[in-house]
Amino acid sequence: MPSARRGVRAASGEGADPMDKEPASVRPVFPKSINFFRPVIGIALAAVPLYIVMLVYYGNSAEATRVGYEPDQPVAFSHALHAGRLGIDCRYCHTTVESASHAAIPPTETCMNCHANIRAASAKILPVRESHATGMPIEWVRVHDLPDFVYFDHSAHVRRGVGCISCHGRVDKMETVRQEKPLTMGWCLDCHRAPEAHLRPPELATKMDWVPNEDPFVLGKRLRDENHVNPSTDCTTCHR
Amino acid sequence: MNGKWTTADGAPLFGLLAEFADVDALIEGAEKVRDAGYTKWDAHTPFPVHGLDDAMGIRHTKLSYLVFAAGVFGVFAGLGLQWWTNTVDYSLILSGKPFFALPANIPVLFEVMVLFAAAAAFVGMLAFNNLPLWYHSLFKSRRFLRATNDRFFISIEARDPKFDPRATRALLESLRGAAVEEVEE
Amino acid sequence: MNERGGYWRSLGELAGTPAFRLKLEREFAEGAVDAPGAFTRRRFLQLMGASVALAGFSGCRWPKEKIVPYAHRPEGWVPGEALRFATSGELRGCARGLLATSVDGRPIKIDGNENDPIGRGASSAIDQASVLDLYDPDRTRTPIWREGRSERSVVWGDFLAWTEDLVRDLRATRGARLAFLSEPTGSECVARLRRRLAAELPEALWFEYDPLSMDHAREGLRIAFGKPLRAHLDLASAAIVFSLDADLLDDDPAALLHARELAAARRIEEGRTNRLYVVESVPCTTGAKADHRLSLPPRAIAPFALAVLHELVFAHELEAPDRLREILRAREASDPPARAFAKALAEDLAANRGRSAIAAGYRQPPAAHAAAHLMNDLLGNIGRTVAYTADPDPERPNHFDAIRSLAKELEAGRVETLVVLGGNPAYDAPADLGFADLLARVPHAVHLSSHRNETSLLAEWQIPRAHFLESWDLSRAHDGTLLARQPLIEPLYGGRTDAELLAVFLDGRAAASGHDLAREAFGAFVSGEADFEKSWRRLLHDGVLGGSARPKVDVSFQAGPTADSLEQISHIKDHAGENGLEAVFLRDASVHDGRFANNAWLQETPDPMTKLTWDNAALVGPSTARALGVETEDVVRLSINGRAIEIAAYVLPGVAAGTIALPLGYGRTRAGRVGNGDGFDVYPLRASGAPYFAFGAAIERTGRRYPLAATEEHHLIDPRATRERERRVGSLVREVEADEYLRNPAKAMHAEEVHHPPLVSLFPPHSYDGHRWGMAIDLDACTGCNACVVACQAENNIPVVGKKQVRNQREMHWIRIDRSFRGDPDSPEIVHQPVACVHCENAPCEQVCPVAATVHTSEGLNAMVYNRCIGTRYCSNNCPYKVRRFNFFNYRKNLEPVEKMAMNPEVTVRSRGVMEKCTFCVQRIEAARIVAKNENRPLRDGEIVPACAASCPARAIVFGDLNDPESRVAKLHGEARAYGMLAELNVRPRTAYLARVRNRNERLAKREKEGHEPIHG
Amino acid sequence: MSRSTAEAVPALDERIRGEPLVAGGETLASVTETVCAIVEKPRPPRAWYVAFGISAMLAGLLFAMIGYLLIEGTGVWGINVPVGWGFDITNFVFWVGIGHAGTLISAILFLFRQKWRTSINRFAEAMTIFAVLCAGLFPAIHVGRAWVEYWMFPIPNNLSMWPNFRSPLLWDVFAVSTYMIVSLLFWYMGMIPDLATLRDRARTRIRRFFYGLFSLGWRGSNRQWHRYERAYLLLAALATPLVLSVHSVVSFDFAVSQVPGWHTTIFPPYFVAGAIFGGFAMVLLLIVPSREWFGLKNLITMRHLENMTKIVLATGSMVGYAYLIEIFIAWYSGNSLERFTFMNRALGPYAWAFWTMVSCNVILPQLFWFKRFRRSIPAILLVAIGVNIGMWFERYVIIVTSLSRDFLPSSWGHFTPTWVDLCTLLGSFGLFFTLFLLFLRFLPIVAIAEVKSVMPEAKLDRDVHHGQGDYHGDIPRQHERQFGGPETNR
């Protein structure tokens, strides 16, 4: 019996498939051209996921989302003028920077100390005069905005000789304040792990245009030993 | 390919296709074709037929070496990843354990190894087999539709140096139980 | 008027600008993370940012935040820096000196003031929780005027207008038909005004009522010494302390002082071991600390005092007047254990004349107090361990008489205007007076109250009462020391103090402000105008006027009256009577007399004994429960001569046979959204005649059940588990016998050791050079008072989860107090053990976290990084101590903005899905470190004090650097009593426990050993 | 007694001859026809619609529950402190376990040249894929903050933080995702020739397109078969240790921890045995109805079922042994915590769960000692269902009872599932069966090519004379075909 199933004749004789009676050729599922597209398809398959990954990665990176943030402020206050050309020290206005965690945004009074008589009439400082008169505060827009679960202490950094510019950039050259640095955890860690490059004599911390007259790393190394700067990378240093 | 041969109705010829009904005929046929010294030819079966490889004189694939290499790479990748992230880049004190201890790293290392090797096996198979190849001349043949069902085929391509329409057809028709047809490019 | 509006307005006033409000809002938009909603928003924006970035743009970020500086910054104000001010709170007429911490104008934390004569820097759970009352959103926000059914929110001016004619008439009638009902108060301002009142409106009546009055003690002293006095125990120098149903360590105006001194006098390492005998009906923290504890039904306690006197007089020949000898002759304790106890105790007392201290509890009848002081007199303790000061107000009738006579006045309609200064008489006055109905009939009632409670509803006027953090006042501590009270914040809802309201009835519109009243009052304490300002400033700075304590008075014992009173009690049968159960009315450790019912922190604080939260229950002893067929969570119908209530039962080991204990202060109907409907109101059973004990209580089962939320013994149903628990407790909560320990410390400790293989680790231990933070907890000092629990909650922004969640074991307290019983269930030994994260050096939690959200710092803290946590709960599963707490929900979703003001900005507010636990108050460590670094000096030992340690009255918790051999904590770790709980797991805990010391009297110890087989841990 | 001896004779005879793997005189064409017909039929049997309707509804329920969970927080479950893991991880381990039989059947049986696997491996592999899918779901949703789960993968980020590779949970992440991927490859690769078959038979354009697309232009070329088989063999060789590793790693979640009742060194082998056990039970549960509905009785014969019941019996006994040894060690170790834990399991508040587990996993499978039950469909279904219940409870017992009473009695507790817990569990079954039913409808549910390769037609007549190739097991039958003899049962 099994031998009955041998040979083409027998098989086609089964009539199992009607194909035999039809013309010998069929149209393939895909046209010949598709083979030329294989490389394209291949590349696409590889590239698309890559693109998405990149998109997400850069999308989350501070460079894409934060750096360069430069909102309009309610008062056209120019750091470039005050800190730069007039050379007023940061601490004149940000009084608590050496003693407290916040480098307090100055109260309107501070502005009026000078502007009571300097340019008192200028339209630019109208909102300041108003605030001073009414006691209503000026609502500045926050530029350097750390997440709420991060505890940063200005005094701890300034007292060790970490210059303002290390985190804020050359504010004395900014008409309106702009975020220069990513202020991400990774970025903080870089400095906490190797602070040398950012150390200067503490008394010069606020000096914007200061440049070391020797190799900053050599200096930094020395200052680090002198001022016992051993920044910690423990989580609890910033997260509580 | 070369326009040297054409079919009866003048279309460029892909090659000749011989259909067999069972394994024994196929194997015999394959041995004959092999002995005739053809190189650009192949057999088509609905399932892997054992012994056919010898009958066709197919050399052993290199796939295994590729997979092995991938596996070895996986080992180092897995180990390197763990060592660099947990020991070098950000070492944290966890449960008073050392920053690097092989035992804790073995599971991940193993999984990564398997992952790489397996991926290599699959991708390698496709690559070596020149797949995916959605279009192929043989798909034009109606009979060939049964290559994935219950029929066995031998195809000899026209670009084979020893190919000669008449001689080759003669050879194929001489094989037991073969039904031969031309397949155009 | 819009309530919120009112609330913000006052805030605005407080901070000078709306700046403040904006600041708040940004400060508490905080959280370890945002809930998904916000999260996806951020992600989306960032993704947008990404694609834009790729297109070459940048600068897309989440919405703007504002910085709003003052226009005129207040003097010395530094943004975000904490300021501390001395002030004082008050309870039961005794002020407590406190330090309030304030950030950006918000008081956020209360601590004890070092200068306070009682607290000496420590504080109680109630002190700690008081800051939450300030921000209670249910506080009444405006004066309310009721006319019939209609209520109107009005303004202070309207009330003044209303008083104008009234004050005129009063002047004319010399205050006739005017009555005041006040809570006991130590306020000097009120005292001054009362003197004026007596002079200017002599007809006006003044009543004083406290539902938890301690006047029995006062009366007892009147009997013993002929005049009302205040007794002061000096436990530091007492070798033997004998408490007759007195909770000296928790329920006493001097509790903090007692706890501290008792602990100090027990430092066995310094060879000091006192012995504490407690005879009581219901276990309390003092009973838990006792070296020997005897459960007796209330009625049997006074007679027991006589039994002891009998032993002293007849067995130990103490000199006593003949009449007394007669009364005492036949007064031996009748049942054997009591007799043995009395004999042994008398022996100890006699052996330590002048070095013992005896006190009776305020629930006990005056005679019992007389008896106690008689003992003190006979043993020559007076002047040595017991001292007396004059009563601040000798003339006043005792509270229960006072409320009774007020009721008579009201009944007779002789009162037209009733001014209720605080309190809640409609709820807590004795039931037999039907006070609520009487109050409703008063033509003009004015209630000064922070909440619109049961009483306010019946009054014509309700005036919002100022919180002490909003008030000016001068007030007297328990020992008479003068304490300052100054506001840290403008009254949020324009509240007024007692004195301010009282002044209105004297001067109408001309009434002086609280500030002026306080300064006036202070005038009496300084000589001459010259240095007034100086000493006023000094007072505000120190919070205390040095040397202003009341002088000790010499007393002479009045044999006659004492004999008479003892004669009365000598007729009481000391064995459980035939006439049914005996009910005891308790002050509740959480809600006191009900006044703190709306304080969520206190509601969720487990009771020191029952571990119940959010409820009270009828407490019965195991054997009594068995006899009655009652089980925990059964609802029973409890009736005492005619009046009846339904209440859930709770079986508590150690409650005396035939006794049923009823904590007061629950079942409030008008407490607020937190307090309404929690627990059961037992005031209806309470008669002015028998305020603390009631005979002939009857119980019947209703067959219904009521779910109770206790934080221990969840579902501990099967006996196997019960046995296992009791088997383990010995090694977890170690105890040593004093004499054994003194003979051979190591051996005494080893007794309880669990046997385990040598603790070797595969890896070399991590070396911690620099600091190595650690903690030591002295179980012999801890009283289980819960101060640390609430302090931690306040310091670390720990959320309240509510009864349902507690019942499902989701309570969030970072430090809990495990309570365990040993020995005979009807009179067990009780131990308290505070448990917080022990910061294991080989922390099991750390290695299992897939994202390294909990890791060790270089100083060995087991840090929990909320913003990294993804919430697998694996760490909690793997924590042998189960001290990790998980945010199963967003427990802050429904917080009102005003409640968020209580939060500590130095601690991240955890969001849903995040694990949290004790951090050793890392925020305090970091703050101290930065200060020290800025001053270029090393950290000093004791400079860093976690919230729990700061609050602890017994100084049981010590924190410091284990690497510094000189630090206190290092020394304590070195002591022989120190052991690590579950150290056999080789997790190397950083918290060492110091074993509890039992200084037993051999005679009794022998009996107990024969007597009891241990049960139930 | 007499009956058993009576039937002992054919039984014996049968063991010599070996029952055919493909019955009913199937031919190559008819095999193709049988399998493809299922897919090509315009409409499946009514039973399929009913089943699909129900499972789809349950799947919907699952997603509703997940939504609710993500909005409210994990508090909607019964979990608490101490019992931080409840149904979530129980379900995870359960589904991962189910996910094992698939790859095991395909890979390990393949390496052992167990030809009978060919008709069931496609089922099993599909089951694996869907089970692992369900399994993966639970670790993903059990966390408190699902939206930051990507932190568990070592992706460079501006926090410059990395996952902690010491954590067993992270090992899980790698093990399960690897297993998912490899199983998918294995499954898909096995399907390529069959998809080609479907392509070549397809009548409608859509079918031709999709089957054509996924068969990647397979044309049965022997040069391709050659590499294909090598790759398949390698995948099998890789998948085998992988299967074992995955459940070992899952068991590490517990074995590596501190908790008494978890901290047990025999967990890896014990878990693997349990996984195979539960997995096979599930295969049986799926195959028995399918072969009814789709007329595969000839391809999936009683012999297949019986072999599987034997494996169930064997692994079930291993599991039972593990239970015993655990208890023995707890006693023998003298560790009082361990002792209490096991006393508590057997006699504590969760005793009911423990005894359910024992009776379903250890006692019930003993039925399979008897051929009568091994070959009775109802018995097989009964045991299969029982074992699945039992295996779920095994995980429940291990996780919940151990956690509920660990070191400090003061923090002992109790876990009570909420309605969300229950609906989620139910829903996960819904998801699983929905996917499986779709598979039945649209893909070749039997490995056509592989079945053909074990059919008589696949063999060379001359092999009988010089035994080339690797034909094990069926030689007697081969021999019998050569020299005539009784035809196989028609």
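All figures in this text were calculated on a predicted structure; none of them were measured in a lab. Lettering of chains follows the sequences in order, A, B, ..., and the numbering in each one begins at 1.
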Across all chains, not counting sequence neighbours, the salt bridge (Lys or Arg N to Asp or Glu O under 4.0 Å) partners of C:Arg810 are none
Below 4.5 Å, heavy-atom pairs only: which of D:Leu169, D:Leu170, D:Val173 has the largest tally toward chain C?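 Among D:Leu169, D:Leu170, D:Val173, the one with the most close pairs to chain C is D:Leu169.
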Of the listed D:Leu337, D:Leu159, D:Val256, the one with the largest count of heavy-atom pairs under 4.5 Å with chain C is D:Leu337
Give a yes or no on whether the ring-centroid distance for [X] and [Y] is below 6.0 angstrom.
| X | Y | value |
| --- | --- | --- |
| D:Phe153 | D:Trp162 | no |
| D:Trp77 | D:Phe87 | no |
| D:Trp262 | D:Trp85 | yes |
| D:Trp412 | D:Phe340 | yes |

Pick one of side chain, backbone, both or neither for [X], based on which atoms fall under 4.5 Å of a heavy atom in chain C.
| X | result |
| --- | --- |
| D:Asp253 | both |
| D:Val76 | both |
| D:Ile399 | neither |

Inset, instruction - Kindly confirm or rule out a cation-pi arrangement of D:Arg395 over D:Phe94, judged by NZ or CZ under 6.0 Å from the six-membered ring centre and within 45° of its axis? - result: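 The answer is no, since D:Arg395 fails at least one limit relative to D:Phe94.
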Can you confirm whether the side chains of [X] and [Y] place a donor and an acceptor under 3.5 Å from each other?
| X | Y | answer |
| --- | --- | --- |
| D:Trp151 | D:Asn157 | no |
| D:Asp421 | D:Thr424 | no |
| D:Ser336 | C:Arg727 | yes |
| C:His766 | C:Glu841 | no |
| D:Asn164 | C:Gln847 | no |

Measuring heavy-atom distances to chain D, does [X] have an atom under 4.5 Å in its side chain, in its backbone, in both, or in neither?
| X | answer |
| --- | --- |
| C:Val987 | side chain |
| C:Leu982 | side chain |
| C:Lys893 | side chain |
| C:Met981 | side chain |
| C:Gln833 | neither |
| C:Ser876 | side chain |

Heavy atoms of C:Thr991 and C:Cys837 approach each other most closely as OG1-O, 4.0 Å
**Q.** For chain C, which residues of residues 132-144 of chain D have heavy atoms nearer than 4.5 angstrom
**A.**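 Only D:His142, D:Val143, D:Gly144 of residues 132-144 of chain D have a heavy atom under 4.5 Å from chain C.
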| task | Return the option, out of C:Arg868, C:Glu724, C:Arg720, with the maximum number of heavy-atom pairs under 4.5 Å with chain D. | result |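 Looking at each option in turn, the highest pair count goes to C:Arg868.
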Between C:Arg725 and C:Glu712, is the closest basic N to carboxylate O distance under 4.0 Å?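 Salt bridge between C:Glu712 and C:Arg725, a charged N being under 4.0 Å from a carboxylate O: yes.
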- request: Using the side chain to side chain donor-acceptor pair (under 3.5 Å) rule, collect all pairs that involve residues 340-356 of chain D, keeping only residues at least two apart or in two chains.
  value: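 Non-adjacent pairs meeting side chain to side chain donor-acceptor pair (under 3.5 Å): D:Asn344-D:Arg405, D:Arg345-D:Thr401, D:Arg345-D:Ser402.
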Please indicate whether D:His263 has more than 12 foreign heavy atoms, meaning atoms of other residues, nucleotides or ligands, lying under 6.0 Å from its NE2. no
Among residues 880-889 of chain C, residues within the sub-4.5 Å heavy-atom range of chain D, in order of number, are C:Pro880, C:Tyr881, C:Lys882, C:Arg884, C:Arg885, C:Phe886, C:Phe888, C:Phe889
